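In what follows, a structure is listed as structure tokens, so that the remarks can point back to it.
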Number of protein chains: 2
Amino acid sequence: MHKTAVIALGGNAILRGNQKGTTQEQYKNLEDTLQNLVYLIKDGYNIVLSHGNGPQVGNILMQNDAGESLYDIPAKPLDVCVADSQGSIGYMMQRTLQNILKKEGINKEVVTIVTPVVVSKDDPAFDNYTKRVGKLYTKAEADIMTAQKGWIFKPSPKKKDAWRRVVPSPKPRQIINEDIVKNLAHAGVIVIAAGGGGIPVFYDEEGHLQPLEAVIDKDAASALLATRIGADELYILTDVPFVYKDFGKPSQKALKSVSQAEVTHLIEQKAFGEGNMLPKVESALFFITNGGSKSIITEANMLGQGGDGTQVVG
Amino acid sequence: MHKTAVIALGGNAILRGNQKGTTQEQYKNLEDTLQNLVYLIKDGYNIVLSHGNGPQVGNILMQNDAGESLYDIPAKPLDVCVADSQGSIGYMMQRTLQNILKKEGINKEVVTIVTPVVVSKDDPAFDNYTKRVGKLYTKAEADIMTAQKGWIFKPSPKKKDAWRRVVPSPKPRQIINEDIVKNLAHAGVIVIAAGGGGIPVFYDEEGHLQPLEAVIDKDAASALLATRIGADELYILTDVPFVYKDFGKPSQKALKSVSQAEVTHLIEQKAFGEGNMLPKVESALFFITNGGSKSIITEANMLGQGGDGTQVVG
């Protein structure tokens, strides 16, 4: 029986903050990152890949804004923009990985599933919008968007007198098409799914799927997906080799192998950066708490060298 | 054994020419169109859905152009824009159909597959670019795009002194993930695939999949997909109830049931509009010639009423 691994690629695995965002840059980053998965694939793992979409959906939102300004093309809502990004990032990943497999002489199919993810309308996230999306607005511009579209804004922490739209980031509750992902992965197909944390939807009172203007954390969605398909291992790929407790303090320490109990304790002690490493650690813990045998947080490069980074185990 | 039908939705089933292109309009059109499929689904058919993307990818191209002008966001190449459109149109179709099924008390899953489609670099289409895409340019603007990006332009047939980019429309040769589509459909899942005719790719000398700036005819891709998955019936949904021979001439006649031989003869006689009905009739014929038992060209509404439109049979 082959082991199944869910591997979540960070946004920076595809588009780095200091890059302009050309398609060529994204392909180059994807080649570098995905090459590191060959060793897991050769080791016989069944693979499900998820990915971030922060920079890409940010660009799509700005392109929508620009298209409305210049050509009067109606801007698409956030959920539809996330769907756009699943299509294009999924395609770029699929083609890149298929070509790497060909080069390596590995005969495996790759498929991309457009994935809505269900959240709850009662999620506390709807009382506190936290996720910044799209471009910077002046106060006057922001007020117009609030009047026109009901958007909520918060001041940018980086730039003075600049405002950015904020949206809720509710917890993922159900991955649409999870059985299809599971069956394909168990049949040896490499499945790309739940990109960008999934397209946010909720069930209304009649049981109909309705859209939502929200962003789901991609590590949380990946951990839920890993749990639901009965994966053995969850890999959260980021831009550092290890998770550090007390990062930037004298007590800073790289974590190698930590137990569920230790991680829970460290979270209580606020040992992880809230906006950054905490959601990853929580997702790693969620997977272990719900039946997973190993969660790994590291950079793709470490994986390619057979290293392990930070392991959370049962 | 259930019959399998591939159903190709025309672009106007999702966004009509006289509409502005809001997401609400597209959902309304999709509801009207997809409601007509309930009778086939209740009849026990396994269903694969494909769709056009002309208006949507046109908007995405213009949004990319506007994003580059206003915010210096690198525009994505055409293949990546097609992938975007597969994500968003697929998601909108999937959610709409899932809700219709719920309302009808039908327990079936819907899934969207991002689908690259392989063409040949030797296709004669690369000697004669025919497909107009994107916005209108002045001659001066067009010359700049040609110098910067190598784009080829032709004058607009509709507007004076306006130029539009043209791209090749090569024949589809292979549907990536066709076996996955087939297996899912045969298992009773409604599969949305090959949207917009598929994301155009080709195999280079090393057998690697490379991208192409092209547009594949969605009916041709749907007919190939129908053939490859061994479908029984192909439905090409458009905005007229029947195919007419000699449309607009005194000899105009609606075609009800026509044989493979009759259709071949009518094509030779140039009885169908070249840019419009001919590709649909050729796709219908391709399917019948390659083992399909029935191709139907009609409007969705006709289907919903149990009517048949124009049938091409063996």
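Only a predicted model underlies this, so the values are computations on that prediction, with no experimental measurement involved.
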Residue part contacting chain B, namely of [X], when any heavy atom lies under 4.5 Å:
X        : value
A/Thr22  : both
A/Ile199 : side chain
A/Asp72  : both
A/Tyr203 : neither
A/Lys103 : both
A/Pro77  : both
A/Asp79  : both
A/Ile60  : side chain
A/Val82  : neither

Does the side chain of [Y] come within less than 4.5 Å of [X]'s, by heavy atoms?
X        : Y        : answer
A/His208 : B/Gln98  : no
A/Val114 : B/Val111 : no
B/Ser69  : A/Leu70  : yes
A/Tyr91  : B/Ile176 : no
A/Lys76  : B/Gln63  : yes
A/Gln94  : B/Asn177 : yes

Item checked: Largest heavy-atom contact set with chain B, pairs under 4.5 Å, which of A/Glu206, A/Arg95, A/Lys102, A/Gln210 ->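 The candidate making the most pairs under 4.5 Å is A/Arg95.
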Checklist line | Winner by heavy-atom pair count (cut-off under 4.5 Å) against chain B, out of A/Ala75, A/Ser85, A/Gly21 | finding: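 Option with the greatest count: A/Gly21.
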Check: Looking at B/Asp204, B/Thr112, B/Thr115, which has the largest count of heavy-atom pairs under 4.5 Å with chain A?
Finding: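 Highest number of pairs under 4.5 Å: B/Thr112.
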Item checked: Which of B/Val110, B/Ile89, B/Val201, B/Val80 touches chain A most, by non-hydrogen pairs under 4.5 Å ->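 Most heavy-atom pairs within the cutoff with chain A belong to B/Val80.
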Notebook entry, point to check: So, B/Tyr71 versus A/Asp65: side-chain donor-acceptor pair below 3.5 Å or not?
Noted result: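 Checked: B/Tyr71/A/Asp65 side chains pair up, N/O donor to acceptor below 3.5 Å.
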Within this structure, what is the [atom1]-[atom2] distance for the pair [X] and [Y], rounded to the nearest 0.5 Å?
X        : Y        : atom1 : atom2 : result
A/Leu184 : B/Ile113 : CG    : CD1   : 7.0 Å
B/Lys135 : A/Ile73  : NZ    : CD1   : 10.0 Å
A/Met62  : B/Glu68  : CE    : CD    : 13.0 Å

Next item on the list: Could you tell me which non-hydrogen atom of A/Ala83 sits nearest to which non-hydrogen atom of B/Ser88, and how far apart they are?
Entry: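 Looking at all heavy atoms of both residues, the shortest contact is CB-CA, 3.7 Å.
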Note to self: Is it the case that atom NE2 in A/His186 sees more than 12 heavy atoms from other parts of the structure closer than 6.0 Å?
What the structure shows: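 Atom NE2 in A/His186 is crowded, with more than 12 foreign heavy atoms closer than 6.0 Å.
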Margin query: Tell me whether A/Lys149 at atom NZ has more than 12 heavy atoms from other residues, nucleotides or ligands lying less than 6.0 Å away.
Written below: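 Counting other residues, nucleotides and ligands, NZ of A/Lys149 exceeds 12 neighbours.
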